[in-house]
Amino acid sequence: MGRKQIRKRKYVYLFLAGVILLLLSGCASFEQRRLSGELRSAADLYGRGDFEGALKANQNVAALAEGKPPGDQSLFNMGLIYADNRYKKKDYRKSIVLFQRVVKEYPESPLAVQAGTWIGVLGVIERSKEVDIELEHKKRRLVR
């Protein structure tokens, strides 16, 4: 008589553990779908030229991803936005910092290689700007 109750209790615990496992895996996949939807809306905003809206959406994804994919994609997207010539607040330095975060925080991401390329290209542009400014200062000194 005592053994049957123990068996029943084991089955109840096993059932509860299975339900909890299903709920947890369902929540994780729901969160992934939600973040993917946020990324799609960010891409739509970017495509329409709403850079501020796209930045906010990507920042939300990066914050919610907590160092896991699709955080790499959101950081990469923000780097592209800051490098875009159409964006009035274009800032290559911010873009470089974001690409460096992709490389550092997501070294296994396929985007890490692309981010490294962007870092190199934007670095060359920044250095050429500095050289142009320096030449302009030298010209001014010579004219005096």
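Positions are given from 1 along the sequence.
- Remark: Lys56 NZ is loosely packed, at most 12 non-hydrogen atoms of other residues, nucleotides or ligands lying under 6.0 Å away.
- In summary, the aromatic rings of Tyr92 and Tyr82 are positioned with their centroids too far apart to meet the 6.0 Å limit.
- Minimum interatomic distance between Val103 and Ala115 (heavy atoms only, all atoms of both residues): CG2-CB, 3.9 Å.
- Connection of Leu80 to Val97 is not established within any shared hydrophobic cluster, with ILVMFWY side chains joined at heavy-atom distances below 4.5 Å, either directly or through further cluster members.
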side-chain contact (heavy atoms from CB on, under 4.5 Å), that's the test. Do Leu64 and Arg34 meet it? Break it down for me.
CA-CA 10 Å; Leu64 293 172; Arg34 190 177 86 136; 2.8 Å; yes
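- Ser74 and Asn58 share no side-chain donor-acceptor pair at under 3.5 Å.
- A single hydrophobic cluster is not seen to contain both Leu111 and Val113; linkage of ILVMFWY side chains at heavy-atom distances under 4.5 Å, directly or through other members, places them apart.
- Under a 3.5 Å cut-off, the side chain of Ser109 and the backbone N or O of Tyr106 do not form any donor-acceptor pair.
- The number of heavy atoms from other shown groups lying within 6.0 Å of CD (Glu108) does not exceed 12.
- Note that CZ of Phe76 and OG of Ser95 are 9.0 Å apart. Values are rounded to the nearest 0.5 Å.
- Expressed to the nearest 0.5 Å, how far CZ of Phe99 lies from CE of Met78 amounts to 10.5 Å.
- Atom-to-atom distance recorded for Glu38:CD and Leu45:CG is 9.5 Å, nearest 0.5 angstrom.
- No single ILVMFWY cluster, assembled from side-chain heavy atoms under 4.5 Å apart, contains both Val61 and Val102.
- For the salt bridge (Lys or Arg N to Asp or Glu O under 4.0 Å) condition, the pairs that include at least one residue of residues 82-98, sequence neighbours left out, are Glu52-Lys89, Asp84-Arg86, Arg93-Glu126, Arg93-Glu130.
- Ala54 and Ala42 make their closest contact through CB-O, 3.5 Å (heavy atoms, listed as atom of the first residue, atom of the second, distance).
- Between Asp72 and Glu105 the shortest side-chain heavy-atom distance does not fall below 4.5 Å.
- Between Leu98 and Gly79, the closest heavy-atom pair is CD1-N, 3.7 Å.
- Expressed to the nearest 0.5 Å, how far CZ of Arg101 lies from CD1 of Ile96 amounts to 15.0 Å.
- To the nearest 0.5 angstrom, Gln59 atom CD is 10.0 Å from Leu75 atom CG.
- Ring orientation note: the planes of Tyr46 and Phe51 are nearly perpendicular, at an angle over 60° on the 30°/60° scale.
- Judged as a side chain to side chain contact (heavy atoms under 4.5 Å, CB included), and not counting sequence neighbours, Ala112 has no contacts.
- Atom-to-atom distance recorded for Asp132:CG and Arg127:CZ is 13.5 Å, nearest 0.5 angstrom.
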